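Everything quoted here is computed from the prediction, not taken from an experiment. Heavy atoms only: backbone and side chains are in, while hydrogens, waters and symmetry mates are out. So that the names make sense, note that chain A is the first sequence line, chain B the second, and so on, each numbered from 1.
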There are 2 protein chains.
Amino acid sequence: MTTKTHEDALSPGDYEALADLRYALRRFTEFSNAEVSNLGMTPQQHQALLAIKGLPPEKEMTIGMLAERLLIAPHSATELVNRLSDAGYIERLSSKDDGRRQIVRLMDKADGILAKLSGAHLHEIREMAPELMQALRILQDRRKLEKIAWMA
Amino acid sequence: MTTKTHEDALSPGDYEALADLRYALRRFTEFSNAEVSNLGMTPQQHQALLAIKGLPPEKEMTIGMLAERLLIAPHSATELVNRLSDAGYIERLSSKDDGRRQIVRLMDKADGILAKLSGAHLHEIREMAPELMQALRILQDRRKLEKIAWMA
DNA sequence: TTCGCATATATCGTGATACGATATAAATCA
DNA sequence: TGATTTATATCGTATCACGATATATGCGAA
């Protein structure tokens, strides 16, 4: 038999719902990227700053943790941190506990920008949340709904 | 006065919630990219196929519509379509209504891959939906919650 | 302690892809 | 028909994460 077993085949509605969810996510990302680049940063730089700022209080961010949080390779985090440091958004200090680690800390410049950006994001998320949640709900329930529609 | 007016300053919890939402979105994207590249496609190629497949029944996709849907420039859609066409995922036909337009249609190869990928995505989304919705809900309500906590 | 391995970060060259600027072609309209 | 707009295409470029590899620090065993 082939790969499609009729049992788990997706309906046109499934594909449409998946496509719509992606479209909503792209629009959010696009909004975010536009805001971010208006302030002269790249999206990934912004996400790095946010990851640092969003750390539980008094926890310190290292290059490796940042890599985990951003889902990039450690050496990519190194490069990202270099760029952020060159641009004056962060400072690096060697960890006193472990000389291999580099602690990454936000400078005032980053705090200011994050305040602006995160405010805008919060606002946009509040706008988009209903649509996103609706999309997720449709995907959660679709098989059930389809089955009911099909039985009727 | 400085940029922070106390009124609209974000709380540590706001930043943490924003960072957590981003982390969840990245994990979804990462899952998706891994699945997609296992089947030899790039993420953007997959999204293009899904956008085509997810179109309401009997509607035809053009290069320009694809650009809109993917939020990329028309000429970037041209290039993407070239690659998809070279790889045998889609075929192009000139529109009979308007000779400038290129209709883009999925080939069987694309349908097969989309069935697999979308099944996997649907499953993953069902897993992640509760967490995502929770994150969105926190961001929706946070100011209210903060205020209550602050008054208590 | 010292050796050896694991961990954390860094460097360098490369590839992929979306973009800006520009070009062509088809449609539309005065 | 000529002028303008719309749809798609081409070419050169820049960005950024990656693979492969290197260095340095920490740690465990004998």
Side-chain angles (χ1 to χ4, degrees), chain A residues 22 26-27 29-30 32-34 36-49 51-52 59-87 89-105, chain B residues 22 26-27 29-30 32-34 36-49 51-52 59-87 89-105:
Chain A
R22 291 297 192 143
R26 279 193 294 271
R27 278 179 1 249
T29 301
E30 157 87 0
S32 175
N33 293 355
V36 164
S37 79
N38 273 344
L39 295 183
M41 310 190 68
T42 68
Q44 192 70 313
Q45 286 175 352
H46 166 239
Q47 302 237 14
L49 297 189
I52 299 167
K59 276 203 133 191
E60 310 223 280
M61 181 62 88
T62 64
I63 304 249
M65 284 175 58
L66 186 62
E68 280 174 25
R69 219 32 199 170
L70 296 186
L71 303 179
I72 59 180
H75 72 270
S76 300
T78 296
E79 298 171 318
L80 181 54
V81 162
N82 283 343
R83 279 172 252 140
L84 285 167
S85 170
D86 289 347
Y89 293 114
I90 61 177
E91 60 181 352
R92 338 158 56 133
L93 339 153
S94 292
S95 165
K96 282 169 182 168
D97 307 336
D98 184 339
R100 294 168 303 178
R101 292 210 179 96
Q102 292 286 308
I103 305 294
V104 176
R105 196 170 289 164
Chain B
R22 292 298 193 143
R26 280 193 295 270
R27 274 174 9 243
T29 300
E30 157 87 0
S32 176
N33 293 355
V36 163
S37 80
N38 273 344
L39 295 182
M41 310 190 67
T42 68
Q44 193 70 314
Q45 287 176 350
H46 167 238
Q47 302 237 16
L49 298 188
I52 299 167
K59 278 206 133 190
E60 309 223 280
M61 180 62 88
T62 65
I63 303 249
M65 284 176 56
L66 187 62
E68 280 175 25
R69 214 41 194 169
L70 296 186
L71 304 180
I72 59 180
H75 72 268
S76 299
T78 296
E79 299 171 318
L80 181 53
V81 162
N82 283 344
R83 279 172 250 136
L84 286 167
S85 169
D86 290 348
Y89 292 114
I90 62 178
E91 59 180 354
R92 335 156 60 127
L93 337 155
S94 291
S95 165
K96 282 167 183 167
D97 308 336
D98 185 337
R100 293 169 302 180
R101 290 208 182 98
Q102 294 284 308
I103 306 293
V104 176
R105 196 169 290 163

**Request:** May I have the step-by-step check of side chain to side chain contact (heavy atoms under 4.5 Å, CB included) for B:R26 and A:Q47, ending in yes or no?
**Result:** CA-CA 10 Å; B:R26 280 193 295 270; A:Q47 302 237 14; 2.4 Å; yes
**Request:** Dump the intermediate steps for side chain to side chain donor-acceptor pair (under 3.5 Å) on B:Q102 and B:S95, then the final yes or no.
**Result:** CA-CA 6 Å; B:Q102 294 284 308; B:S95 165; over 6 Å; no
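For D:dA7, neither phosphate oxygen OP1 nor OP2 lies less than 4.0 angstrom from any side-chain nitrogen or oxygen of B:R92. Look at B:R83 and you'll find a side-chain N or O under 4.0 angstrom from OP1 or OP2 of C:dA18. A sub-4.0 Å separation between OP1 or OP2 of C:dA10 and a side-chain N or O of A:T78 is present. Regarding contacts with the backbone of D:dA7, every side-chain N or O of B:Q102 stays at 4.0 angstrom or more from both OP1 and OP2. Between C:dT17 and B:T42, a contact under 4.0 Å exists linking OP1 or OP2 to a side-chain N or O. Applying the 4.0 Å criterion to OP1 and OP2 of C:dA8, one finds that A:R101 has a side-chain N or O inside that range. Phosphate contact (OP1/OP2 of D:dC16, side-chain N/O of A:Q44, threshold under 4.0 Å): absent.
Closest contact between the side chain of B:D98 and the listed nucleotides D:dC18, C:dA27, C:dC19 involves C:dA27. Distances from the side chain of A:H75 to the nucleotides D:dA9, D:dA17, C:dA10 place C:dA10 closest. With D:dG26, C:dC19, D:dA9 as the choices, the nucleotide that has an atom nearest any side-chain atom of B:S76 turns out to be C:dC19.
Taking atom CG of B:L80 as the reference point, atom C1' of D:dA9 lies 14 Å away to the nearest angstrom. Whole-Å rounding puts the A:L84 CG to C:dA10 C1' distance at 16 Å. Taking atom CD1 on A:I72 and atom C1' on D:dT15, their separation rounds to 14 Å, with Å as the unit. To the nearest angstrom, P of C:dT17 lies 18 Å from CG of A:N33. With rounding to whole Å, B:D97 atom CG is found 13 Å from C:dA26 atom C1'. B:M65 places its CE atom 18 Å from the P atom of D:dT6, with the value rounded to the nearest Å. Rounded to whole Å, the distance from CE on B:M41 to C1' on C:dT17 is 15 Å. Nucleotide C:dA18 holds its P atom 11 Å from the CD atom of B:Q47, rounded to whole Å.
Looking only at side-chain heavy atoms (C-beta outward), B:Q45 and B:L80 come within less than 4.5 Å of each other. Side chains of A:L39 and A:H46 form no contact here, defined as non-hydrogen atoms less than 4.5 Å apart. B:S76 has its side chain out of reach of B:Q44: every pair of non-hydrogen atoms, C-beta onward, lies at least 4.5 Å apart.
A:E79 comes within contact range of at least one nucleobase, with a heavy-atom separation under 4.0 Å.
Among B:V36, B:L84, B:V104, the single residue meeting the side chain to side chain contact (heavy atoms under 4.5 Å, CB included) criterion with B:L49 is B:L84.
Nucleotides of DNA chain D nearest to A:G99 and B:V81 differ in position, and the one nearer the 5' end is that of B:V81.
Between the side chain of A:R100 and the base of C:dT7, at least one donor-acceptor pair of N or O atoms lies under 3.5 Å.
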